[in-house]
Structure formats: C-alpha cells, structure tokens
Amino acid sequence: METRPTITIEYCPKCGWMLRAAYMAQELLTTFTGHLHGVLLRPSAVEGRYTIFIDGQKLFDRKDAGHFPEIKELKQLVRDSIAPGMPLGHSDKKQV
C-alpha cells in the first residue's frame, strides 16, 4: 500500500497554464524525490482555475491567494505538509 502522497495540480488549459503546471511538477518531483508518490497534472473544466492539492486536500488556490505561487513558496508549503523539518537549501524560509 502506497503511503507517499500524490500532488495534483489542477490548471486551466484555456488560460495556457499547462507549462507552468509542468514546471512546478518537475520542481516538486526533483525536490521531494522519495517523499512523493507522484504529481498529477489535471486540466480543469473551470476557467481560471489553478489549484494544488495533496491527496485531495487543497494546499494552494490561485484565486484565494490572489496570485500564482512562487516555486519557493510552493516548496515550503509542500515541505511543511509532507516532510516537516526537511531542509530546502536556498528555498528555505529566511531566519529572522
């Protein structure tokens, strides 16, 4: 039985956001090797949608946030959800 989570990136194909979703999928798969079951790219039937889920739970929504996630922000959100304490190198939050 698979215990590693699956990330789903739901994107609007009419808006041309597939390449953005593919880039983010590549970054997540590279950063979280061994921590993820996979990343699923899912074209949305709803125009303007760009939502990221972990095992069906919403992690980030472009409309709620008012912007697309920066890759650094997305990596931090994913890390905090699936691998708390995992160092992200230059993508880590700055210490204050």
Side-chain angles (χ1 to χ4, degrees):
M1 181 174 186
E2 184 60 53
T3 59
R4 296 178 296 166
T6 298
I7 294 177
T8 301
I9 302 174
E10 185 176 7
Y11 66 93
C12 175
K14 292 180 181 178
C15 299
W17 294 340
M18 182 182 69
L19 289 178
R20 179 188 304 261
Y23 162 71
M24 289 189 175
Q26 175 186 339
E27 285 288 321
L28 292 173
L29 287 167
T30 301
T31 300
F32 296 101
T33 301
H35 292 278
L36 292 175
H37 177 69
V39 177
L40 171 67
L41 300 183
R42 182 171 63 206
S44 177
V46 178
E47 289 187 34
R49 180 165 289 168
Y50 196 90
T51 307
I52 300 168
F53 302 89
I54 295 180
D55 286 341
Q57 298 295 314
K58 184 166 47 172
L59 180 71
F60 185 91
D61 185 281
R62 181 191 69 83
K63 286 190 177 180
D64 291 346
H67 62 89
F68 284 99
E70 295 291 330
I71 195 62
K72 177 179 178 178
E73 174 187 15
L74 182 57
K75 286 180 181 183
Q76 290 169 356
L77 289 170
V78 170
R79 183 268 315 272
D80 293 348
S81 178
I82 69 168
M86 175 184 165
L88 293 175
H90 68 277
S91 291
D92 241 328
K93 296 175 184 171
K94 292 189 179 205
Q95 300 297 324
V96 180

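No experiment lies behind these values; they were computed from the predicted model shown.
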Colleague: Could you check I7, L74, T8, T51 and say which one makes a side chain to side chain contact (heavy atoms under 4.5 Å, CB included) with L59?
Modeller: L74

Colleague: Report yes if some heavy atom in the side chain of S44 is under 4.5 Å from a heavy atom in the side chain of Y11; otherwise report no.
Modeller: no

Colleague: What's the spacing between I82 CD1 and H37 NE2 if we round to 0.5 Å?
Modeller: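 Answer rounded to 0.5 Å: 13.0 Å.
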
Colleague: State the OG1-CZ distance between T31 and R79, to the nearest 0.5 angstrom.
Modeller: 11.0 Å

Colleague: Of the non-hydrogen atoms in P13 and P43, which two are nearest, and what is the gap between them?
Modeller: CG-CB, 4.0 Å

Colleague: Not counting sequence neighbours, list each pair that qualifies as a ring pair (Phe, Tyr, Trp, His ring centres under 6.0 Å) and has a residue in residues 43-85.
Modeller: W17-F68, Y50-F68, F60-H67

Colleague: Listed by chain and number, what are the salt bridge (Lys or Arg N to Asp or Glu O under 4.0 Å) partners of E10, not counting sequence neighbours?
Modeller: R42, R49

Colleague: How close do V46 and C12 get, counting heavy atoms only, and between which atoms?
Modeller: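 Of all heavy-atom pairs spanning V46 and C12, the closest is O-CB, 4.3 Å.
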
Colleague: Quick one: does L77's side chain get under 4.5 Å of P69's, heavy atoms only?
Modeller: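 They are not in contact (no side-chain heavy atoms under 4.5 Å apart), so the answer is no.
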
Colleague: Would you check if V78 and H35 make a side-chain contact, meaning some heavy-atom pair closer than 4.5 Å?
Modeller: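 The answer is no; the side chains never approach within 4.5 Å.
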
Colleague: Would you compute the distance between atom CG of L36 and atom OG1 of T6 and round it to the nearest 0.5 angstrom?
Modeller: 8.0 Å

Colleague: In terms of hydrophobic clusters joined by side-chain contacts under 4.5 Å, are I9 and L40 together?
Modeller: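 No, I9 and L40 fall in different hydrophobic clusters.
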
Colleague: Does T30 offer a backbone N or O that forms a donor-acceptor pair with the side chain of T33 under 3.5 Å?
Modeller: yes

Colleague: Can you measure from CD (Q76) to CE (M86) and round to the nearest 0.5 angstrom?
Modeller: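 Q76 CD to M86 CE: 12.0 Å, rounded to 0.5 Å.
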
Colleague: Just wondering, do Q57 and S81 contact through their side chains at under 4.5 Å, heavy atoms?
Modeller: no

Colleague: Starting at CZ of R62, measure out to SG of C15 and round the result to the nearest 0.5 Å.
Modeller: 7.0 Å

Colleague: Nearest 0.5 angstrom please: M18 CE to L41 CG, how far?
Modeller: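 Here the interatomic distance stands at 8.5 Å.
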
